[in-house]
Amino acid sequence: MRIGNAALLVVGVLLCAAGVARGADRRLAPIPRDQAVSSHGPFEMGACDTCHARNDPRNPGPASVTNDACFECHDEFRGSAPVKMERALHPRAGATNCVGCHTPHNSRNRKLLLRT
Ligand code: HEC
Ligand code: HEC
Ligand code: HEC
């Protein structure tokens with residue numbers, strides 16, 4: 001029993017270390033569906049491998065946090081030209097990554113925003 005718990009602890013610590021090592025950002029993790037005000041197309045469709053290493057929803061593996069993955073479908077954001085939205089211009093991103101303001105999954109706020 002004691003050895004079993006110790007082994008579990010070691011596995012837990014190793015998993016945490018792995019998460020920290022590859023910089024996984026828990027803030028960006030998906031939230032329960034019924035709490036979401038907005039949800040992202042590719043996430044809704046279960047296409048995890050659009051951004052993650054694998055298409056296994058229970059273990060999709062690491063994802064890239066660079067903007068390149070976003071530009072694949074949101075090309076209009078690539079340059080420095082202002083992007084026109086329905087009623088306003090998109091905020092200037094500057095040096096902030098897309099995932100600095102938006103979750104790639106689903107959000108308690110509109111437009112996949114991390115904060116209001
Ligand atoms: C549009 C791109 C995109 C799609 C589609 C996407 N993800 Fe992610 N996901 C990301 C990014 C970017 C991160 C942050 C990775 C990091 O910080 O290292 C992330 C992080 C996560 C995390 C938290 C960090 C971790 O590794 O534990 C989980 C859980 C997750 N995604 C699950 C999913 C699942 C399940 C799907 C498919 C149903 C999915 N994602 C689809 C981009 C995406
Ligand atoms: C495989 C294609 C695809 C990729 C890759 C992708 N998106 Fe999207 N995204 C969509 C679609 C489809 C929509 C819904 C239609 C629309 O609003 O253009 C959308 C909508 C959005 C919206 C608006 C959501 C709303 O509620 O109106 C945001 C914000 C967004 N994406 C951010 C991102 C970010 C950040 C990334 C990179 C991490 C990303 N997208 C990568 C396909 C994609
Ligand atoms: C500084 C924060 C910030 C950054 C960085 C940012 N966004 Fe946004 N984005 C917003 C806000 C705020 C809105 C919602 C504006 C509104 O509807 O009032 C938005 C809206 C959007 C929408 C919805 C557009 C529509 O017509 O409603 C998309 C798509 C989007 N962003 C994609 C991106 C992509 C791709 C990147 C990375 C290149 C990015 N955003 C970076 C703050 C940001």
Side-chain angles (χ1 to χ4, degrees):
M1 270 317 214
R2 287 221 158 267
I3 289 167
N5 284 342
L8 276 181
L9 185 65
V10 168
V11 168
V13 167
L14 284 176
L15 283 175
C16 286
V20 170
R22 62 153 218 269
D25 191 344
R26 298 306 309 173
R27 192 178 55 107
L28 297 177
I31 59 168
R33 185 180 282 265
D34 61 349
Q35 294 175 20
V37 165
S38 58
S39 192
H40 200 205
F43 172 74
E44 275 297 297
M45 289 169 61
C48 312
D49 64 347
T50 307
C51 310
H52 288 265
R54 289 182 294 273
N55 209 8
D56 178 358
R58 276 171 305 178
N59 184 15
S64 161
V65 294
T66 64
N67 292 355
D68 284 340
C70 313
F71 295 151
E72 292 282 328
C73 299
H74 301 284
D75 193 44
E76 69 275 27
F77 290 85
R78 195 186 286 274
S80 54
V83 178
K84 211 169 168 299
M85 300 184 303
E86 229 171 89
R87 262 176 258 142
L89 290 179
H90 185 265
R92 285 199 160 278
T96 313
N97 270 347
C98 308
V99 293
C101 294
H102 297 285
T103 155
H105 309 111
N106 56 6
S107 169
R108 292 185 177 82
N109 308 311
R110 54 188 284 280
K111 302 288 175 190
L112 304 175
L113 288 167
L114 289 163
R115 292 168 293 272
T116 46

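Order of appearance sets the numbers: ligands from 1, and atoms from 1 within every ligand.
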Taking only non-hydrogen atoms of Arg110, do any sit less than 4.0 angstrom from ligand 3? yes

Proximity to ligand 3 by part of His90, non-hydrogen separation under 4.0 Å: side chain

Give the residue, atom name and distance (to 0.1 Å) of the protein heavy atom nearest atom 28 (C) of ligand 3. Phe77 CZ, 3.7 Å

I want to confirm something. Looking only at heavy atoms, which of Glu86, Met85, Lys84 is nearest to atom 25 (C) of ligand 3? Met85

Minimum heavy-atom distance between His102 and Lys111, given as atom pair plus value: ND1-O, 2.9 Å

Quick check: does Cys98 put an N/O/S atom under 2.8 Å from atom 8 (Fe) of ligand 3? no

If you round to the nearest 0.5 Å, how far is OG of Ser38 from CG of Leu112? 4.0 Å

Establish whether atom 14 (C) of ligand 2 and some protein heavy atom are separated by less than 4.0 angstrom. no

If we set the cut-off at 4.0 Å for heavy atoms, which region of Cys48 has an atom near ligand 1: side chain, backbone, both, or neither? both

Donor-acceptor check, side chain of His90 to backbone of Val83, threshold 3.5 angstrom: yes or no? no

For Pro91, which part has a heavy atom under 4.0 Å from ligand 3: side chain, backbone, both, or neither? side chain

Under a 4.0 Å threshold between the charged nitrogen and the carboxylate oxygen, would Arg27 count as salt-bridged to Asp25? yes

Considering just N/O/S atoms, say which atom of His74 is closest to atom 8 (Fe) of ligand 2. NE2

Nearest-0.5 Å distance that lies between atom SG in Cys51 and atom CG in Asp68: 11.5 Å

Show me which atoms of ligand 3 lie under 4.0 Å from any heavy atom of Thr96. 5 (C)

Within-4.5 Å side-chain heavy-atom neighbours: Ile31 and Thr103: no

Measure Cys70 to ligand 1 on non-hydrogen atoms and call it side chain, backbone, both or neither using the 4.0 Å cut-off. neither

Show the atoms of ligand 1 that are less than 4.0 angstrom away from any heavy atom in Ala47. 5 (C)

Does the pair Arg54 and Asn59 meet the rule for a side chain to side chain donor-acceptor pair (under 3.5 Å), with working shown? CA-CA 8 Å; Arg54 289 182 294 273; Asn59 184 15; 3.2 Å; yes

Using a strict 4.0 Å cut-off to heavy atoms of Thr50, name the atoms of ligand 2 that fall inside it. 1 (C), 5 (C)

Does the side chain of Pro104 come within less than 4.5 Å of Leu28's, by heavy atoms? yes

May I ask you to check whether His105 has an N/O atom sitting below 3.5 Å from an N/O atom of ligand 1? yes

For Asn109 and Ser107, work out which heavy atoms get closest and say how close. N-OG, 2.8 Å

Taking C-beta and beyond as the side chain, do Gln35 and Pro32 meet within less than 4.5 Å on heavy atoms? yes

Is a salt bridge present between Glu72 and Arg78, judged by a nitrogen-to-oxygen distance below 4.0 Å? no

Taking every heavy atom of Val65 against every heavy atom of Val99, the minimum-distance pair comes out as O-CG2, 3.8 Å

Aromatic ring pairing His105/Phe43, orientation class (parallel under 30°, perpendicular over 60°, tilted between): perpendicular

Give, for atom CG of Asn106 and atom CZ of Arg33, the distance between the pair rounded to the nearest 0.5 Å. 8.0 Å

Closest heavy-atom contact between Asn67 and Cys98? OD1-N, 3.0 Å

Could you tell me whether any N, O or S atom belonging to Cys73 is less than 2.8 Å from atom 8 (Fe) of ligand 2? no

Counting from 1 in the order shown, the ligand 1 atoms closer than 4.0 Å to a non-hydrogen atom of Ser64 are 12 (C)

At less than 4.0 angstrom from any non-hydrogen atom of Leu28, what atoms of ligand 1 do you find? 14 (C)

Atoms of ligand 1 close to Cys51 [distance to a heavy atom under 4.0 angstrom, numbered from 1]: 1 (C), 2 (C), 3 (C), 4 (C), 5 (C), 42 (C), 43 (C)

Nearest neighbour in protein (non-hydrogen) for atom 23 (C) of ligand 2: Leu112 CD1, 4.5 Å

Under 4.0 Å from a heavy atom of Leu113: give me the atoms of ligand 3 that qualify, with their elements. 10 (C), 11 (C), 12 (C), 42 (C)

Using a strict 4.0 Å cut-off to heavy atoms of Asp25, name the atoms of ligand 1 that fall inside it. 16 (C), 17 (O), 18 (O)

Strictly under 2.8 Å, is any N, O or S atom of Cys101 next to atom 8 (Fe) of ligand 3? no

Of all the heavy-atom pairs spanning Cys48 and Pro57, show the shortest one and how long it is. SG-CA, 3.9 Å

Determine if the distance from atom 31 (N) of ligand 2 to the closest protein heavy atom is below 4.0 Å. yes

From the options Arg26, Arg27, Glu72, select the one whose nearest heavy atom is closest to atom 24 (C) of ligand 1. Arg26

Test item: protein heavy atom less than 4.0 Å from atom 21 (C) of ligand 2: yes

Within ligand 1, which atoms have a heavy atom of Pro60 less than 4.0 Å away? 32 (C), 33 (C)

Region of His40 that comes within reach of ligand 1 [heavy atoms, distance under 4.0 Å]: side chain

Logged contact type for Asn97 with ligand 3, heavy-atom cut-off 4.0 Å, is backbone

Is it true that, when you exclude Met85 itself, more than 12 heavy atoms of the residues, nucleotides or ligands shown sit nearer than 6.0 Å to its CE? yes

What protein heavy atom is closest to atom 11 (C) of ligand 2, reported as residue, atom name and distance in Å? Pro42 CD, 4.4 Å

In the complex you have, is atom 1 (C) of ligand 2 within reach of the protein, judged by whether a heavy-atom distance drops under 4.0 Å? yes

Arg108 versus Arg115: any side-chain heavy-atom pair under 4.5 Å? no

Which atoms of ligand 3 are found less than 4.0 Å from any heavy atom of Ala93? 5 (C)

Ligand 3 to Phe71, heavy atom cutoff 4.0 Å, flagged ligand atoms 38 (C)

Is the distance from atom 8 (Fe) of ligand 1 to some N, O or S atom of His52 under 2.8 Å? yes

Just let me know how Lys111 lines up against ligand 2, side chain, backbone, both or neither, with a heavy-atom cut-off below 4.0 Å. both

Would you mind running through ligand 1 and noting each atom that sits below 4.0 Å from a heavy atom of Pro57? 35 (C)

Has the side chain of Ser39 got a donor or acceptor atom that lies under 3.5 Å from a matching backbone atom of Glu44? no

First locate atom CG of Leu89, then atom NZ of Lys84, and finally report the distance between them rounded to the nearest 0.5 Å. 7.5 Å

Proximity to ligand 2 by part of Ala69, non-hydrogen separation under 4.0 Å: backbone

